[in-house]
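Data block below; observations after.
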Amino acid sequence: MESNMVGWFEIPVTNMERAKKFYEMVFNITISVHELDGLLMGWFPSAPGKSGAMGSLVQHKMYIPSDAKGPLLYFSCRDLSIELNKVEDAGGLILQAKKTISEDHGFMALIKDTEGNRIALHSRN
C-alpha cells in the first residue's frame with residue numbers, strides 16, 4: 001500500500017461554534033470554518049505529505065452525531081493524558097479513562113464531545 005487507507009473523515013455536529021471551541025480547546029488547534037454546497041465545515045489543520053488523515057466537523061441536516069453508532073475515530077496524541085485533562089473543561093465527557101491497549105499498541109481513552117459524538121484518543125505514552 002502507498003498510504004494509510006483512511007484519507008478523510010467527517011464528524012457530525014449540530015452547533016459548529018460549540019464543536020469548534022471544544023476541539024480547539026482539547027487539541028490546542030485552530031479550525032477554519034467554510035460553507036461548501038450547503039455544508040458548514042470546520043476543517044481540522046492539515047499537514048500535507050505527512051501521515052494521518054485530514055478531516056472536518058460537518059453541520060448539515062443529514063449529519064447526525066452519535067455516541068454509540070457509526071465509526072469510531074481515534075485521534076493520535078503524544079500523551080493522551082494531556083488532551084484527556086482538557087475534555088471536561090471544554091464541555092465534553094470522559095467515557096473511558098486512559099487504559100492500556102497492550103505493550104505493543106499503547107494507550108487509549110474514549111470521550112464524548114459537546115455534540116454527542118464518541119471519539120477516541122490514542123498514544124504510545
Side-chain angles (χ1 to χ4, degrees):
M1 290 177 50
E2 293 180 27
S3 65
N4 291 318
M5 291 183 64
V6 176
W8 181 260
F9 65 87
E10 295 177 343
I11 299 174
V13 305
T14 54
N15 182 313
M16 182 60 74
E17 278 307 307
R18 179 178 61 206
K20 179 180 180 294
K21 182 179 176 184
F22 173 81
Y23 283 93
E24 287 178 337
M25 185 173 173
V26 170
F27 293 106
N28 194 32
I29 58 171
T30 300
I31 293 174
S32 59
V33 178
H34 307 270
E35 187 165 346
L36 300 168
D37 297 325
L39 296 173
L40 189 58
M41 302 184 82
W43 297 343
F44 285 92
S46 63
K50 303 285 183 171
S51 63
M54 296 183 296
S56 179
L57 303 172
V58 181
Q59 184 177 328
H60 187 273
K61 65 182 178 181
M62 292 184 348
Y63 285 75
I64 301 167
S66 174
D67 67 350
K69 299 177 183 176
L72 177 60
L73 303 176
Y74 277 74
F75 283 82
S76 296
C77 308
R78 287 186 186 199
D79 179 348
L80 69 83
S81 296
I82 295 167
E83 289 79 7
L84 195 61
N85 287 333
K86 299 176 186 178
V87 168
E88 291 175 338
D89 287 343
L93 180 68
I94 297 171
L95 301 174
Q96 167 67 59
K98 181 177 179 178
K99 73 174 199 173
T100 303
I101 300 169
S102 73
E103 191 174 305
D104 293 336
H105 293 97
F107 301 88
M108 61 86 60
L110 289 174
I111 65 174
K112 188 184 330 184
D113 71 10
T114 54
E115 306 307 293
N117 293 301
R118 177 186 60 153
I119 64 168
L121 305 175
H122 174 264
S123 67
R124 295 286 178 186
N125 298 323

Could I get the full list of side chain to side chain donor-acceptor pair (under 3.5 Å) partners for Ser32, not counting sequence neighbours? His34

What's the shortest heavy-atom distance between Val58 and Met41, and which atoms? CG2-CE, 4.0 Å

List the atom of His60, the atom of Gly38, and the distance in Å for their closest heavy-atom pair. CD2-O, 3.2 Å

What's the separation between atom NE2 in His122 and atom CD in Glu83, rounded to the nearest 0.5 Å? 12.5 Å

To the nearest 0.5 Å, what is the distance between CG on Asp104 and CZ on Arg124? 8.0 Å

Roughly how far, to the nearest 0.5 Å, is CG of Asp67 from NZ of Lys112? 4.5 Å

Quiz question: by atom type and distance under 3.5 Å, do the side chains of Ser81 and Asp79 form a donor-acceptor pair? yes

Could you state the interatomic distance from CD (Gln96) to CE (Met108), rounded to the nearest 0.5 Å? 6.0 Å

Drop me the distance from Asn85's CG to Lys98's NZ, to the nearest 0.5 angstrom. 9.5 Å

Minimum heavy-atom separation for Asn15 and Arg18, please, with both atom names. OD1-N, 2.8 Å

Considering non-hydrogen atoms only, spot the tightest contact between Gly7 and Ala53 and give its length. C-CB, 4.0 Å

Out of curiosity, Asn117 CG to Leu72 CG, how far, rounded to the nearest 0.5 Å? 10.5 Å

Other members of the hydrophobic cluster containing Val13, with the 4.5 Å side-chain heavy-atom rule, please. Phe9, Ile11, Met16, Phe22, Tyr23, Val26, Phe27, Ile29, Ile31, Val33, Leu40, Phe44, Leu57, Leu73, Phe75, Leu80, Leu84, Val87, Ile94, Phe107, Ile111, Ile119, Leu121

Starting from Ile64 and following side-chain heavy-atom contacts under 4.5 Å between hydrophobic residues (I, L, V, M, F, W, Y), which residues can be reached? none

For residues Leu39 and Trp43: do they belong to one hydrophobic cluster (side chain heavy atoms under 4.5 Å, members Ile, Leu, Val, Met, Phe, Trp, Tyr)? yes

What are the two closest non-hydrogen atoms of Trp8 and Ser56, and how far apart are they? CZ2-CB, 3.5 Å

Tightest non-hydrogen contact, residues Ser123 and Cys77, listed as CB-O, 3.1 Å

